[in-house]
Amino acid sequence: MVQSEKICIKLPNGKEIVLTGSVSPDGILQEHFPDKKNTCIAAVLNEKPIDLSREISESGDLRFMDIQQPEALDIFWHSSSHVMAQAVKNLYPDAQLGIGPSISRGFYYDFKLDTPITPDDLPRIEAAMQKIIDENQVFERQVLNRSDSIDVFKSRNEPFKVELIQEIEDEQVTVYQNNGFMDLCRGPHVPSTKFIRYFKLTSVAGSYWHGDERNAVMQRIYGISFPDKKQLKNHLLQIEEAKKRDHRKIGKELDLFSFHQEGPGFPFWHAHGMILYNNVQRYLQKTLEIHGYQEIKTPLILNEALWHQSGHWDNYKENMYFTSIDEQPFAVKPMNCPGGLLVFRNNLHSYKDFPIKMSEMGLVHRHEKSGVLHGLFRVRMFTQDDAHVFCTPEQIETEVIQIIDLIDEVYSTFGFNDYEVELSTKPLKSIGSDEMWQRAEAALENALIKKQMKYQLNPGDGAFYGPKIDYHIRDSLDRLWQCGTIQLDFSMPERFSLEYVGPDNSKHRPVMIHRAILGSVERFIGILIEHYAGDFPLWLAPVQCAVLPISEKHESFASTVLELLRSQGIRCKVDNRNEKIGFKIRDAETHRINYMCIIGDREVEEQSVSLRQRKKGNLGTFDTEALIKRFMDELDRRANH
RNA sequence: GCUGGCGUAGCUCAAUUGGCAGAGCAGCUGAUUUGUAAUCAGCAGGUUGUAGGUUCAAUUCCUAUCGCCAGCUCCA
């Protein structure tokens, strides 16, 4: 490239240099920061990432991307996917390349290939990758014009790449090449393959070209790589930990719930699971009572006409189940609001009664495609901790603030102190006047601002009937789960002609706020199981205490202790099996029982127990009074540990 | 829904190229009477998801079906 003007570059250390001739970031790195030569993988010129080997053709700020910087991982993973694709092409010359991006955690590449790739093939591909890495092949960038590049990829039998180029509007495209492997790619890449130090291919799966099931079926290989061995190890450990915490696995181990062929997507709650379910529900009901809610319950099956009126027929029919009663069409409710509206409309309401906060633990059924069902996280039947707040437009902001506080209170009870909030505004398809939307969005936004909440704006992502605030809670493994939601609704009051009598003695239309805190009780319990890894806090635990007599002769006092604890509402059991104490302790520990009361000669003598806490070990001797006090105190605080 | 994988005892998993379905844990019985994460021995446990088919013979091969698991644009 001919340089018409001199190029001035400002370096990260503040130094300014003038380039003469053809200079790449590589050269500058060698000259000015020789110690970083081995750890830099790319440069950033005027906030645009470029290859280290790329000739600098414009003036501006230049900095270097160290391999340890998070932003470098993106490039790192992208290069890793190239190496993987190259390895696959070496092993399967017939494979046609799809796309191979870096993703939030790792990378993948899609291939069209007639021979199926199974997990057993991954070590072979990994070995082929290692060979490429050991050869330290240099990634070479090349600029081609469109038609040439199309010819190139046609001749290489890469129809998908040709299709991609045809979708590109630019006259020039870039390709990267190393040792005969070529890929259409925007770049940048790490300088050479040796930078991909530690990697692992994690899974194979099917996918579709452009994600559309009408298109060609592709095989996708997922992988992860890191510059540091420890990072890779930690990542793999985290995957292991997540597997250990899988609520489906723990649910089976602790006998919490089950699923059956006879009811796909419909959870069966077992006795232990019901304790979780009931405790979560009771806690919530009590809390709502304190916050001025009144609880209602509406029928599971309602006449289809209601669903026409509510708009669900038009917008939600695909997800609903239908039946008939006395030859009349009925539907199983997928949401609770229409039923709640009938309750509201059953009485005449004065503005003096507002806000009216009606809550419902509503069992809803929603048809989900069979392929998306997933334990308690994605089911076809669940209980929503639903509520509808009816108020005047002026009351919206205050009510939303109260809900924000309530949600925070509930989440922190379960140890979720970290959550993310999104505000979604008017979508293209919507009902209601612009003025109404503006007022509603402002009310939600003001509430968030007043509470000094950080939130992400999702323009155009609101429901068709109103804007909303969504909550995502972060669990102990740093994963996000959508749970709570606060939605303003102008549509339902309209459709159902809701009214209240105002101070002017005439009728007005109320505003309705839908809100859920847990979202789905079932899903929330799934999240709790994984969050606590099955080690539930005392107030939730299915079995809180195991009474363990050392031998047969201690059974009598053990029963006395059991009865005493039971009389105080402690969920406990006695283990009278003919086993050694070590066995009984192990059994109680593996069943995640919070406390063990060990009873031998000494304890019978002193009328006390030797208390042991799950995962913590021996706590020493407690007389029965101190024991109960300890339990009650922990229960009162709903202590999280 | 689509693609691929899987379905064996209550649970976790075995079973050469098709050749008598097996182990550990849990359960039951007996011995042992135990002091802070597994005492020993014995017994029992199955229409191999379901329905067809191929075969002298099917857990194994084929077809259908049900369910489970993973994935199904985070775009060169």
Side-chain angles (χ1 to χ4, degrees), chain A residues 74 77-78 81-82 85 97-110 116-120 149 153 158 160-168 170 173-176 182-187 202-222 243 246 248-249 252-253 255 258-265 318 367-375 546 548-555 576-591 596-603 609-621:
Chain A
D74 192 50
W77 285 333
H78 192 186
S81 90
H82 269 231
L97 301 173
I99 57 167
S102 71
I103 52 177
S104 58
R105 276 187 110 42
F107 57 89
Y108 69 77
Y109 215 111
D110 282 346
I117 297 173
T118 71
D120 297 338
S149 67
F153 282 105
E158 297 289 3
F160 298 103
K161 293 294 172 188
V162 172
E163 202 183 315
L164 287 171
I165 296 167
Q166 282 163 346
E167 287 167 14
I168 296 173
D170 303 346
V173 301
T174 55
V175 297
Y176 278 77
M182 184 191 269
D183 198 358
L184 174 73
C185 182
R186 203 183 272 137
T202 47
S203 61
V204 283
S207 64
Y208 303 95
W209 177 240
H210 282 276
D212 189 329
E213 65 189 58
R214 289 167 303 191
N215 289 341
V217 173
M218 315 285 283
Q219 301 195 61
R220 175 172 296 182
I221 304 178
Y222 284 90
K243 267 189 202 158
D246 191 314
R248 293 167 299 185
K249 183 170 172 280
K252 209 179 264 183
E253 288 166 358
D255 199 15
S258 59
F259 286 92
H260 302 269
Q261 277 187 215
E262 290 80 355
E318 307 307 315
H367 183 70
E368 299 281 356
K369 288 181 179 177
S370 59
V372 303
L373 300 177
H374 182 98
L548 310 178
I550 288 193
S551 81
E552 232 171 283
K553 60 184 177 192
H554 310 116
E555 281 179 14
N576 278 337
R577 286 178 299 181
N578 186 359
E579 298 286 354
K580 286 180 149 176
I581 194 67
F583 179 93
K584 295 182 187 182
I585 288 170
R586 184 187 151 76
D587 193 66
E589 290 272 357
T590 54
H591 285 94
M596 287 148 260
C597 290
I598 294 155
I599 291 166
D601 287 342
R602 214 164 45 230
E603 288 74 21
V609 303
S610 171
L611 189 63
R612 184 188 161 98
Q613 190 171 13
R614 176 185 67 202
K615 293 204 159 156
K616 295 212 170 98
N618 198 346
L619 298 179
T621 306

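Every heavy atom of this structure was used, including side-chain atoms; hydrogens, water molecules and symmetry mates were not. Within every chain, numbering begins at 1; the chains are lettered A, B, ... in the order of the sequence lines, protein sequences first and strands thereafter. Just so you know, these numbers come straight off a predicted model, no measurement behind them.
In this structure, A:Lys161 and A:Asp183 have side chains that are in contact, with non-hydrogen atoms separated by less than 4.5 Å. Within the 4.5 Å cutoff, side-chain heavy atoms of A:Ile103 are placed close to those of A:Tyr222. You'll find the side chain of A:His554 stays beyond 4.5 Å of the side chain of A:Leu548, heavy atoms only. Side-chain contact between A:Val175 and A:Cys185 is absent, with no heavy atoms from C-beta onward closer than 4.5 Å. A:Glu167 places a side-chain heavy atom less than 4.5 Å from the side chain of A:Glu163. Inter-residue side-chain proximity for A:Glu368 and A:Leu373 is flagged as met; some heavy-atom pair is nearer than 4.5 Å. At least one side-chain heavy atom of A:Leu97 sits under 4.5 Å from a side-chain heavy atom of A:Tyr109.
Within the 4.0 angstrom heavy-atom criterion, only backbone atoms of the sugar-phosphate kind lie near A:Tyr222; the bases stay farther away. Residue contacts for A:Pro264: at a heavy-atom cut-off of 4.0 Å it reaches the sugar-phosphate backbone alone, with no base atom in range. Using a 4.0 Å heavy-atom criterion, one finds that A:Lys252 contacts the sugar-phosphate atoms exclusively. Within 4.0 Å (heavy atoms only), A:Asp110 reaches no atom of the nucleic acid at all. Within the 4.0 angstrom heavy-atom criterion, only backbone atoms of the sugar-phosphate kind lie near A:Leu373; the bases stay farther away. Counting any heavy atom pair closer than 4.0 Å across all strands shown, A:Gly617 reaches no nucleic acid atom. Residue-level contact check: A:Arg105 touches neither bases nor backbone, having no heavy atom under 4.0 Å from any strand. Within the 4.0 angstrom heavy-atom criterion, no nucleotide atom of any strand lies near A:His260. Looking at heavy-atom distances under 4.0 Å, A:Val175 makes no contact with the nucleic acid at all.
Comparing B:U34, B:G71, B:G35 against the side chain of A:Glu603 picks out B:G35 as the nearest. Across B:C72, B:U34, B:U36, the shortest atom-to-atom separation from the side chain of A:Asn618 is found for B:U36. Each of B:C74, B:A37, B:C72 was ranked by its minimum atom distance to the side chain of A:Arg586; first place goes to B:A37. Set against B:C2, B:U12, B:G67, the side chain of A:Tyr208 has B:C2 as its closest nucleotide. Relative to the side chain of A:Ser551, the nucleotides B:G7, B:A26, B:U34 differ in distance, and B:U34 lies closest. Between B:U39, B:C74, B:C72, one nucleotide has an atom nearer to the side chain of A:Ile103 than all others, and that is B:C74. Which of B:G27, B:C68, B:G35 sits closest to the side chain of A:Arg577 comes down to B:G27. Closest to the side chain of A:Ile550, from the set B:U36, B:U34, B:A26, is B:U34. Here B:U3 is the nucleotide among B:G35, B:U3, B:G7 with the atom lying nearest to any side-chain atom of A:Val217. Closest approach to the A:Arg220 side chain among B:C68, B:G71, B:G67 is made by B:G71 (side chain taken as heavy atoms from C-beta onward).
A gap of 43 Å separates the C1' atoms of B:U60 and B:C75, to the nearest Å. Spacing of C1' atoms, B:C13 relative to B:G18, comes out at 22 Å, to the nearest Å. When the P atom is used for both B:C28 and B:U16, the distance is 34 Å, rounded to whole Å. Across the P atoms, B:G10 and B:G45 are found 12 Å apart, a figure rounded to whole Å. Taking the C1' atoms as reference points, B:U17 lies 33 Å from B:G71, given to the whole Å. B:G22 and B:G46: their P atoms are spaced 13 Å apart (whole Å). Atom P of B:U39 sits at a distance of 15 Å from the matching atom of B:U33, rounded to the whole Å. Between B:A64 and B:A14, the distance separating the two C1' atoms is 29 Å to the nearest Å.
Pair assignment for B:U54: none, as no Watson-Crick or G-U wobble contacts are both less than 3.5 Å. The base-pairing partner of B:C68, taking Watson-Crick or G-U wobble contacts with both distances under 3.5 Å, is B:G5. Across all strands shown, the partner of B:G42 is B:C28, judged by Watson-Crick or G-U wobble contacts whose two distances both fall under 3.5 Å. The base-pairing partner of B:A23, taking Watson-Crick or G-U wobble contacts with both distances under 3.5 Å, is B:U12.
Between the CD atom of A:Glu579 and the P atom of B:A37 there is a distance of 15 Å, given to the nearest Å. With rounding to whole Å, A:His591 atom NE2 is found 11 Å from B:C11 atom C1'. Remark: P of B:U65 and CD of A:Glu262 are 19 Å apart, rounded to the nearest angstrom. In this structure, A:Tyr108 atom OH and B:C74 atom C1' are separated by 7 Å, rounded to whole Å. Atom-to-atom, NZ of A:Lys249 to P of B:A70 comes out at 14 Å; the value is rounded to the nearest Å. The OH atom of A:Tyr109 sits 12 Å away from the C1' atom of B:C75 (whole-angstrom rounding). The separation between A:Lys369 atom NZ and B:G67 atom P is 16 Å, rounded to whole Å. Going from atom CD of A:Glu552 over to atom C1' of B:U33 covers 7 Å, rounded to whole Å.
Across A:Lys584, A:Arg612, A:Lys616, a single residue satisfies salt bridge (charged side-chain N to carboxylate O under 4.0 Å, His left out) together with A:Glu589, and that is A:Arg612.
Map A:Glu368 and A:Ile581 each onto its nearest nucleotide of RNA chain B; the residue landing nearer the 5' end is A:Glu368.
Within the structure, every side-chain polar atom (N or O) of A:Arg186 is placed at least 4.0 Å from both OP1 and OP2 of B:C75. Neither OP1 nor OP2 of B:U33 sits under 4.0 Å from any side-chain N or O of A:His554.
Contacts of A:His78 classified as ring pair (Phe, Tyr, Trp, His ring centres under 6.0 Å), with partners at least two apart in sequence or in another chain: A:His82, A:His189.
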